[in-house]
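In what follows, chains carry the letters A, B, and so on, assigned in the order in which the sequence lines appear, proteins first and then strands, with residues in each chain numbered from 1.
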Amino acid sequence: MKKSGGIVIGMKKKKKPIVIAPSKNSRPSSPVTVVNESSTNNTNANSNAPKSKHKLVIKPFQNPPSIPPDFYETSLSTLQRAAVAVLRREPLLSTTTVEGGRRRLSREELYTSVQDLIVHGYGKELYGEVVNIVDKAAGEVVMRLTGEGLVKSDDMVGYCPEIIVAILGTDEKHQGLHEKRLELLKQWHAVCRVSYAEEYLTFVRSIFLVLDRAFVFMSECDLEMLNSGSNAVVGENLKGKVMDRTSLFGGVNSRVWELWEVGIACLRRHLTFEPEALTTSGRAFSVLSAMVLVTTHALLAEYDDDQSINRSHQAVASIAGDTRPLIRNCVQSCIDLGSTSALLEELIVAASSRFRNESKKWGSALNESRKTAPQFLSHVEHRLKQSSSMTTYYLPSNAAASTTLRQLANRSNPLVGSSRSVDEHGVVWKSINSSTRRILPAIIEAELLSPHLVPTGVLHPKHLYPILDDCEGDNNNNNNTSWKTAEKTFENAKRLYGLCWRMTATFSTSSTSSTPLENLRIEFGKYGRLRGSEIITQGAQDNASGNSSKETEKSIIPDLLLFKAHLQMLLTVAFRNDEAFAASVRSILEDVCNGSTLPGGGDGGRRIAELLAKHVDARFKDAKAQASPVVVSTLSASVEATSVSTDHNESFQNQIMTIFRHVHSKDVFEAFYKRDLAKRLLTGRSVSSDVERSFLSKLKAECGAGYTSKMEGMFKDMDLSRDIMTSYATYSTGATGQNVATDKATDMDVQVLTTNYWPAYPKHPNIILPPELIAHQANFESYYKNKYQGRRIAWQYSLGNCIVKAFFPKQSAGKELIVNLCQTLVLLCFQYDDGPDGRGLTVDDIIKKTGIDDRAEVERVLQSLSLGRDGTRVLIKVDHDSPTEEKDMSSSTLVSENSSPGKSKRKVRRNVGPHDRFLFNASFTSNQRRIRITNITMKETAQERSETHEAVSKDRLYLIDAAVVRIMKARKTIDHRDLMGEVMTQLKFPSSSADIKKRVESLIEREYMERVEGNRSRYNYLA
Amino acid sequence: MSSRKRKATSSTNSKMWSSSSSSRRKKTGAPGSPTNAMRRNNKGAGWNEDAANEMFDELVVDEMPDAADMEGISKLCTLLSLDPYEDIRVLVLLWKLGATKKPAEIQRDEFVSGSCNMNFDSVDKLKELVPSLDTGFLDMDEFKDFYKFCFQFNRAGTHKTLDKDLVIALLNMTLSADQPPRIPASRLSSFCEFLETTKDESYSKITLDQWRSFLDFSLEFKEDNFEGYDEGESAWPVLIDEYVEFMEKRGKKK
């Protein structure tokens, strides 16, 4: 081990004691560890050891080292001066002078002196002093504020309430208000944030960093001691808000603040002075509350700027002159200064009143039709978009803000200056839901939107129906068919639904009023029923006026289909397939189809069922008519055409089924459809049996096999007839038959119909057939009876169709007339002559000759043959009182009369009188070879129609009877009410309790049941 | 109390007559045969069956010896000096005699056993009974039965219904005879007015159910405001429903 002057701690045996620090040298300032005792120990232990030459003696300090007595004061004053200098933006200079002026103080020196002070235990005092320094600085900085309305007294600053309130107004009257607000904000920003917080406080904190850290650290180690110490100083000097804030964090004095916090608290204290105003109005606003107010209104003023939505909030900083960073900073300042709750409160109040006014403006504008509902809706949507981007940009959404908001909400007293009732208040809070992001949207919903989402507001038919109709442009077009326009976007309806939908959450708990969504649904229901009944009644009204009812009736079903598609579109596009709305679409259609919307409760869908059946019939017939010319052209084209029409048919049928599903009077549909189907099948005018069958299968799926069994039977009959006819053909041509009598010139086709499946047709029991037909008839009868034992054939003459070959003198070739059997028989009367002495035949003559008993039928036949459209008049009618009748029998004159109406000669009457005479039209010409002469069926249809309805009604009576008896049989005795209920459930068609009661009465009369003696509302079954 | 008992016996009797009359009629010739009736009726003392039969013989014509039609009844009325078409007591008498088998006729067996019940075998004895035939003496159950009888008796042959006009006349006869009337006079007149004015063809004939229901209804709803009447729930015939509707419409007009 080498000897050196270094310091060695510890020792080794046989080594000389080491003396650290020479004894002579006694530097008072250096702290020395004295280790002389160990050396003495060593000496004692090694007394026999050779003595060293140098003996190090270590002695304690005679005077313990100490700092200069004025060390604290000088350091402190230097620091104070430095702080003030920074605040005033002066150079930092030392007190000592060197040549050329005072030396600049470096921040490092200041930092070390703080360090020294702490080392020497001045921490507590220093902390107190620093608090004082900062407090004074805050006071000073606040005094720098200048401007209109500023009130200063001593060290207090405040604002005249009048000025501030004036500034808070909206910009409509005073253009410069927003600029004034911004000016104030700029000033505050410069004073409080830039010069105080950013410059001064940053300086103070960095200089006193050691204090900040060491002292805070210490204080947390040794709370007890500190409580009595430095905080007492702070407490003395800092009154008001600083102490308040301390108490905010639980127990008093539980913690020493960081200097930054202290600085902010001091500023806050100075900003919250509310100096007695020099004005008459009493107290002035404190700077802080003025700041909060102005900031809030500056923020809200952004709503006035319609361009703002176009600018992205993320990229704002780059745009020069954009005020939003400033506002944002001010918001942040308010929050930093602990005014979050005041800020939010003011925001809520101001925004509420703002949007309440806006709402009122829109309300009157809507009422006076200055603005339309779609405009309003898009405005609201715009506002909501604005709000959400504004909230993200301006407002903090952290936990602290939420807590403040919750505290605000929990406060029982209503907001200061708020005129809202407690109820509305609650609603707003509820929907804000302690999230700052929800504040503005919630207020817009509550104040701007929800007052209008009521049946008297936007949901009023005046506003709502155009939206739902979704017709472009022209809103004054109150034409009830306006919803038929082709282009539909449902933008407005979609928007309306969206806005109503977002309100649902707000209203979900308040049971007092129905939600906007519900209101919308109810109004939508009314709308649908109105439009629906307009469709239904369009024919009915014309019915009353008479003439063109047929045409309008025809359009009911297509309109209904369109209407249904319209509702469906609304549902899927605008209402997001909402379950509740889907249900109301269904109920609308049900009501419309069953006429429940009509005054008087409608007819339970009888009319719609009838029209629907007719519509299907027309379609299935029409398709045939359209398809037939196609077949003539090339094969490929016709194939294509049919495949297209198949698809088309499929969708058509599906559409029909959707309506059919809603119609209650399915029995009426069945009756009419069956009748028409029979006609189609018998006349061979059905579009195709595939289409017919597929529709039938749809009906079967909908209503069950019982519903369609008869119609299926019809098809079976048709198929069977075909088979029978082929086998009959072989039978009659074969050698076996008694077919000698059959005339080869005539041919016969027979369709065998099962009685039950087909409707009843008029019979002509006494009809006199020509011998040719009788022969055929007998032949077929013998064949059929031979084939099917025990069956009876009843010939339906009224369904027969014939092709009659006719030769007209003026035509070289014969014509083929396609007529029915009755027409044929009438024509055959004229086969050889025009009756006795060529004077023509009267109706009575014809009845006698043909055996057709139905006089009306004969008259119709004659009408069709003589008075139909041109080219079908194969007979000539001569009025019994016609002047030309006696003297001129030549048919040519009569024809010329027909061809030149309006002459002196009278026109032939359209109806057939008993004395009118009919002649063969020898001068008949036509360029067609085949001529179809349809019998006049107009009257018959009307009659048929009422007959069908009657038949259905009668069937219904029996069904009710059957149901009642069934129930009575099972129950023996039953209460009236139960009976009604059970009957209603059993019946498949709409029936009123009066209908059922009548049947019950009838059953009582017929002694199937009786009233229980003494209990009027109970019935017994009588076996 | 006593009237109730009487009602009970009379109703069992009437049932008996209708069911077993034919078998009993064969034995009519033998005297003393109505012992059944005698036994049942202690008032039958001094009643002579032959005298009663003779009395009935006066009423019938030779072609139809066992039944007295309206002509015979008129003859009886003349003997009693009652107006057969206007006087309600004629109907009460017929009801008491139990003329239920056929409408507008009284059978011999009905007359005989009825006379036994009422204890008369001569016109003079019957004349003494006439004042007791007033409808005012009937209690409500008896009256209801009588009311039903009025309908049945006035039917024509096998018809089950009465013409509207006859019903109106009959209603006025049966329901306004008493003082005070069993149902308010205003009800009767308004109902008749309703029947006269209604356009519904089905009400040109009135069924027994409708006839009886009107009395029950009028007893249940005495006031013209029909409080508690529920058309949707009630088992009243539709006729009554429509009457109520008619009255409500009229009330609104006023």
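A heavy-atom distance below 4.5 Å is found between the side chains of A/Arg1011 and B/Pro237. A heavy-atom distance below 4.5 Å is found between the side chains of B/Thr161 and A/Glu1005.
Closest of all the heavy-atom pairs between B/Tyr203 and A/Lys998 is OH-CE, 4.3 Å. Nearest heavy-atom pair across B/Val238 and A/Lys997 is CG2-CB, 3.7 Å. Contact between B/Ala235 and A/Ser1017 at its shortest, heavy atoms only, is CB-CA, 3.7 Å.
The local environment of CZ in B/Arg155 is crowded, with over 12 non-hydrogen atoms from other residues, nucleotides or ligands closer than 6.0 Å. In B/Lys102, the NZ atom is not crowded: 12 or fewer heavy atoms of neighbouring residues, nucleotides or ligands sit closer than 6.0 Å. Within 6.0 Å of atom OH in A/Tyr707, more than 12 heavy atoms from other residues, nucleotides or ligands are found, so the atom counts as buried in its surroundings. Around atom NZ of A/Lys969, no more than 12 heavy atoms belonging to other residues, nucleotides or ligands sit under 6.0 Å away.
For the atom pair CD of A/Glu1001 and OG of B/Ser213, the computed distance is 7.0 Å after rounding to the nearest 0.5 Å. Expressed to the nearest 0.5 Å, how far CG of B/Asp241 lies from OG of A/Ser993 amounts to 7.5 Å.
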Residue pair A/Glu1013, B/Arg212: steps toward the salt bridge (Lys or Arg N to Asp or Glu O under 4.0 Å) verdict = CA-CA 11 Å; A/Glu1013 291 288 337; B/Arg212 292 179 69 189; 3.0 Å; yes
